[in-house]
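One-based numbering, in listed order, for ligands and for the atoms of each. If you're wondering where the values come from, they're calculated on a predicted model, not measured in any experiment.
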Amino acid sequence: MAMFRKKHLAKILSSLERFKDPKIELEQYETPGDVAAEMIWIADMKGKIRDKVIADLGCGTGILAIGCALLGAEKIYAVDVDGDAIEIARRNAVKMGCNDYIEFLKMDVSDFDINVDTVVMNPPFGCQSRNADRPFLNKGFEISNDIFSLHLARRDVERFLEKYSAEFGFSVHFLKKMEMELPARFFFHRKRIERMDVNIIHFERDKRV
Ligand code: SAH
């Protein structure tokens, strides 16, 4: 696999095909290329991407899965409940030449049942239906020791994540805050773009003694 600089990775990921008709009830919005690159890059610096088996929960158009493949992941399971998204993700993977490393699975994340080294995800923030992020967190805690994820950088969300993950024996590391554009309709049912701060988070299973 080629060597990448972070900026180069961000540029490549920004060029991928996007959702055609985003499904609002599934909170479909792509992670911006720079945010996706940042998350995968940090995870790789921590030794959690290269040569690892990874699950991308709610893969959408595949940006996180493809980022992992480009940084040398051994294998990525890309899971999404929406067949239209999977089709786009597959096209993106073929275009990027990393189709062989990614297995696409059309299913609810709750039904995915394979233990992996690392989970990457940008789950629904739970703005459309409350607690929509819960199945993603639960599954991550079940199948992996290291989860890299994006969540709204809001004090109440941060407190919730700390409390919730502690119940599963995980610690929360807030790695970086980034600004991201989100369709306002997810929050206010208005057709606008809203700038929001999101946290790149590493959930790490506490060592058992
Ligand atoms: N990971 C992509 C997409 C994020 S949008 C990116 O970072 O750009 C969230 C994705 O989760 C959507 O593609 C949506 O179809 C999917 N999704 C929502 N609920 C789901 C569920 N219960 N099971 C599987 N996928 C789900």
| query | Can you name the residues that come within less than 4.0 Å of ligand 1, going by heavy atoms only? | reply | F19, L26, E27, Q28, Y29, E30, T31, G58, C59, G60, I63, L64, D80, V81, D82, M107, D108, V109, N122, P124, F136

Using a strict 4.0 Å threshold on nitrogen-to-oxygen distance, state whether [X] and [Y] make a salt bridge.
| X | Y | answer |
| --- | --- | --- |
| E162 | R159 | no |
| K23 | D84 | yes |
| E142 | K139 | yes |

| query | If we ignore angles and hydrogens, is there a donor and acceptor under 3.5 Å between the side chains of H173 and S171? | reply | no

| request: Can you label the angle between the H151 ring and the F125 ring as parallel, tilted or perpendicular, going by 30° and 60°? | output: tilted

| Is the backbone of I201 close enough, under 3.5 Å, to the side chain of N199 for a donor and an acceptor to pair up by distance? | no

